[in-house]
Amino acid sequence: MYRTHNCGALRIENVGEEVTLSGWLQTSRDFGGMTFIDLRDRYGITQLVFNMDDDADLCQKARKLGREFVLKATGKVRERSNKNPNRNTGDIEIEVTALDVLNASKVPPFTIENDTDGGDDLRMKYRYLDLRREQVQNNIIFRSQLALETRKHLSGEGFIEVETPNLIKSTPEGARDFVVPSRMNPGQFYALPQSPQTFKQILMVAGLDKYFQIVKCFRDEDLRADRQPEFTQIDCEMSFVTQDEILATFERLTKHLFKSTIGVKLGDFPRMEYDEAMKLYGSDKPDIRFGMQFVEFNDVAKGHGFAVFDNAEMVVGICAEGQAESYSNKHIKELTAWMQRPQIGAKGLVYVKWNNDGSVKSSVGKFYSDEQLMTWLEKAGAKKGDMLLILSGEDEKTRKRLNELRLEMGRRMGLMKEGDFKPLWVVDFPLLEWDEESGRFHAMHHPFTSPKKEEVDRMLNGDHETMKSLKADAYDLVINGVEIGGGSIRIHDRALQSRNFDLLGFSKEEAEAQFGFLLGAFEYGAPPHGGIAFGFDRLCAVLNGQNSIRDFIAFPKNNQGRDMMIDAPSPIHDEQLEELSIDLRKQEAH
RNA sequence: AGUGCUGUAACUCAACGGCUAGAGUACCCGACUGUCUCUCGGGAAGUUGCGGGUUCAAAUCCCGUCAGCACUGCCA
C-alpha cells in the first residue's frame with residue numbers, strides 16, 4: 001500500500017496513529033543530527049522527521065534525497081513541539097520508521113513553488129512540473145468544477161449533452177479552418193470545427209429541443225493571451241424560444257456558476273444596445289465596473305478657430321474624476337505618447353483641467369476662453385479637480401482610441417477592482433459588417449443569424465447605409481470588459497435564409513454547395529430556434545480575475561501556436577505525405 | 001503580415017563602449033538536534049541566443065536572423 005492518508009489530511013486528532021504517506025519531496029532541512037522533509041501531494045504538505053538518535057541509517061538516507069524525489073514514508077503521527085500555523089497540517093509531523101524512494105528526480109529547472117522563478121517558456125516546456133504547483137493545479141481543478149457545475153445546471157434545466165463530429169467540412173465564412181487531409185479521399189480535406197454551429201441547428205431540426213456541449217473549437221488565426229488555436233466552448237441551442245428566454249436561461253447559468261464556484265451572488269444583468277455601447281464606450285464589450293462614459297463635444301468645440309477640431313468628424317472625450325492635480329505636464333506628455341503608439345495611433349490628446357482652486361487649464365487654452373471650456377466641463381458633468389481628456393478625428397476610429405484611453409485610465413485610477421463583477425448583455429448587434437478588403441458585406445455573427453423582425457422588409461431594398469444599420473437578434477454576454485459569449489436567434493425560414501445569402505453575396509449554387517445540408521434540413525420542418533456559446537477558458541480566467549487563459553488549460557500552446565512540450569507542429573514522414581497524396585511546395589532556400 | 005519589449009550561470013536579474021562579466025536563488029562538499037525563506041563555511045558553474053559589421057576595445061553601438069512575450073491587423 002502506498003498511502004493510508006494524503007499529505008493534507010492529518011491533524012492533531014490523528015496523533016498516535018501509524019500512517020503511510022506518498023508524495024514528492026518539496027524541500028528538506030538538514031541539521032546533521034536531525035532532518036525535516038516536507039512531503040507534498042495535491043492535497044497539501046506534511047512534515048516528516050528523521051532523528052539520528054532514533055535511527056541513524058534512516059536519517060542518513062533522508063539526508064541524501066533531492067527535490068522532487070518521489071517518496072513513501074511510514075511512521076507515527078506526533079504533535080509538534082514547534083507548530084507551524086501557516087499550514088493545515090502544521091500541528092503534527094510524522095516520526096518516520098520506514099522510507100522508500102519510489103523514484104529519484106533530476107533537479108527541476110525551476111522551483112515548484114507558488115512564486116516560481118520560471119519564465120513562461122520554461123514553464124510550458126516542462127508543463128508537467130508547472131502543473132505540480134499549487135496555483136496551476138488549483139486552476140485546473142477549478143476548471144473541472146466549472147465544467148461539472150455547468151453540466152449539473154444545464155442538465156437540471158432539461159438540456160441534453162450531444163457530441164458533434166470533429167472532422168467536418170470547410171466553409172469560407174469566418175475564421176480560417178484547420179484542415180485535415182483525407183487518406184481515403186485523395187485531394188480532399190476535412191476541417192476542424194470553428195464551432196458546432198450547423199450541427200446544433202440540425203439537432204434542433206431533429207427535435208432535441210435543448211442541446212448543450214462542452215466542446216473543443218478550432219480557429220487558425222493569430223493568437224493572444226486570451227486566444228488559443230483550440231479552445232473550449234459551452235455550446236447551447238434551444239427550440240421554440242425568444243431572445244428573452246435564451247438570455248434568461250443563460251443568465252441563470254452564469255449566476256449559478258458564479259455562486260457555486262466562487263460564492264459570488266450576481267444581481268440581474270443589465271442590457272445595452274450595441275449602438276449605445278459604441279456611443280458611450282467605443283466598444284462592443286464595455287467594462288462597466290466604472291463609468292467614464294464618452295461625452296461628445298462637436299457642438300461646443302467646433303467653429304472657434306481650432307482647425308484640428310473644426311476639421312474633425314468627431315470630438316469626443318472622457319472625464320477622469322479627481323485627476324486634474326495628479327497629471328502634470330510630464331504625465332500628460334507621457335499619456336499622449338502612449339496614445340500615439342502605432343497600436344493605438346492617436347494623433348494627439350487634448351486635456352482640460354478644472355483645478356481645485358477653480359481655475360481652468362487646457363492644452364487648447366489659446367483657442368477657447370475659460371468660459372467656453374467651462375461649458376465643456378459642464379457638459380461632461382465635471383467637478384472641481386476633474387480632468388477632461390479629448391480626442392478628435394474620424395468618428396469610429398476616434399471612439400475606438402478613446403475606448404483604449406478609457407480602459408487605461410480605468411487601470412491607472414484603480415477602477416477595475418478585483419472581485420468586482422459587472423456582467424452586461426449587449427444586444428441588437430448589426431446583422432452585417434462591411435468588409436473593406438473584399439468590398440462586400442459579411443455576417444457580423446454568422447450567416448444564419450436572424451434579422452430583427454421589423455428589419456425583414458428593409459433587407460433587400462436598402463442602400464449601403466441601410467444595410468449597415470440592419471439589426472439582428474444577436475447578443476453577447478460581457479463581464480468586466482471581456483466577451484464571455486455570444487449567440488443569436490437563427491433563421492429557420494428557407495426564404496428568409498436565401499434573402500440573407502443574397503445580401504452576403506452568395507449565389508444560389510454557392511449557398512447550396514456550402515450549406516446545402518442545413519438548407520435541406522430546414523425544408524423538413526425546422527422549429528424556430530436560437531442559441532449561445534460561452535468561451536469556457538475565458539470564463540475560467542474572468543472568474544479568477546485573470547487575463548490569460550493559458551493558466552487554465554492543462555497543455556496550452558504558445559504565441560506561435562506551438563506546443564512547447566511535445567514540440568508540435570512538426571514535419572511528417574514522406575511516406576505519410578505519399579499516403580495522403582500531398583506534395584509539399586519546396587521551401588525557398590534561406 | 002506589422003509594431004514594441006526581452007534574450008547574460010540551471011533560474012531570476014545586474015554590469016557608463018574600457019579591470020578576470022557579478023549578485024540572489026538553486027546545485028555540490030563540509031559543519032550543525034526543532035526547522036519550516038534554517039544557519040554558517042567552502043566550491044563548481046558563462047559560446048552574454050546566433051551570424052556579420054563599426055571600434056584600439058562590444059554583453060553594451062549598427063545590420064541581419066532566431067526565439068519568447070505583449071499588442072495591431074486577423075479572430076462570422
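Bear in mind the structure is a predicted one, so any value in this text is a computation, not a measurement. Letters go in sequence order (proteins before strands), and every chain restarts at 1.
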Salt bridge between Arg227(A) and Glu221(A), side-chain N to carboxylate O under 4.0 Å? no

Please determine if Lys76(A) and Glu95(A) form a salt bridge, counting it only when a charged side-chain N lies under 4.0 Å from a carboxylate O. no

Of the candidate nucleotides G68(B), C75(B), U35(B), which contains the atom at the shortest distance from the side chain of Arg80(A)? U35(B)

Select base, sugar-phosphate, or nothing to describe what Glu483(A) touches, counting heavy atoms under 4.0 Å on all strands. nothing

C69(B) to C16(B) separation - C1' atoms, rounded to the nearest Å: 28 Å

Once you measure the plane-to-plane angle for Phe515(A) and Phe517(A), does it fall in the parallel (<30°), tilted (30-60°) or perpendicular (>60°) bin? tilted

Distance (rounded to the nearest 0.5 Å) between Leu349(A) CG and Lys347(A) NZ: 13.5 Å

Hey, is Arg499(A) close enough to Asp502(A) for a salt bridge, meaning N to O under 4.0 Å? no

Could you tell me whether Asp476(A) and Lys285(A) have a side-chain N and a carboxylate O separated by less than 4.0 Å? no

If you take atom types as modelled and just measure distance, does the side chain of Arg78(A) reach the base of G34(B) with a donor-acceptor pair under 3.5 Å? yes

May I ask whether Phe36(A) stacks on the base of U35(B), given the cut-offs of 5.5 Å between ring centres and 30° between planes? yes

Contacts of Asp222(A) and Met52(A) projected onto RNA chain B by closest heavy atom; the upstream (5') one is Met52(A)

Among C75(B), C36(B), U33(B), which is the nearest nucleotide to the side chain of Arg219(A)? C75(B)

C1' gap between G22(B) and A14(B), integer Å: 7 Å

Which nucleotide in the list C69(B), C38(B), C75(B) gets nearest to the side chain of Phe31(A)? C38(B)

If the P atom of A15(B) is compared with that of A23(B), how far apart are they to the nearest Å? 15 Å

What nucleotide among C75(B), C38(B), C27(B) has an atom nearest to a side-chain atom of Val107(A)? C27(B)

Which nucleotide, C69(B), C36(B), G68(B), lies nearest any side-chain atom of Asn559(A)? C69(B)

What's the gap between U48(B) and C38(B) when it is taken at their C1' atoms, as a whole Å value? 35 Å

Taking C63(B) as the reference, what is the distance to U3(B) when you measure between their P atoms (whole Å, please)? 13 Å

Counting the atoms with a prime plus P, OP1 and OP2 as sugar-phosphate, which does Asn51(A) contact under 4.0 Å by heavy atoms, base, sugar-phosphate, or nothing? base

Set out, line by line, the N/O atom pairs under 3.5 Å between protein and nucleotides 3-9 of chain B.
from: U3(B); atom 1: O2; to: Gln343(A); atom 2: NE2; distance (Å): 2.5

Using the C1' atom in both, what is the distance from G68(B) to U55(B), to the nearest Å? 31 Å

Carboxylate-amine/guanidinium contact Glu404(A) Arg399(A), below 4.0 Å: no

Which nucleotide, C32(B), G34(B), C71(B), lies nearest any side-chain atom of Asp30(A)? C32(B)

Which listed nucleotide (C71(B), C36(B), C75(B)) is nearest to the side chain of Ala175(A)? C75(B)

Taking C74(B), C36(B), C38(B) as options, the one with an atom nearest any side-chain atom of Glu221(A) is C74(B)

Look at Asp551(A) together with Arg123(A) and state whether they make a salt bridge at an N to O cut-off of under 4.0 Å. yes

Arg224(A) side chain: which of U35(B), C69(B), G73(B) is closest? G73(B)

Quantified in whole Å, what is the C1' atom distance between nucleotide A59(B) and nucleotide C13(B)? 14 Å

For the P atoms, the ones on G46(B) and on C5(B), what distance do you get once it is rounded to whole angstrom? 31 Å

Watson-Crick or G-U wobble partner for U12(B), using a 3.5 Å limit on both distances? A23(B)

Nearest to side-chain heavy atoms of Lys400(A), which nucleotide of C32(B), G73(B), C69(B): G73(B)

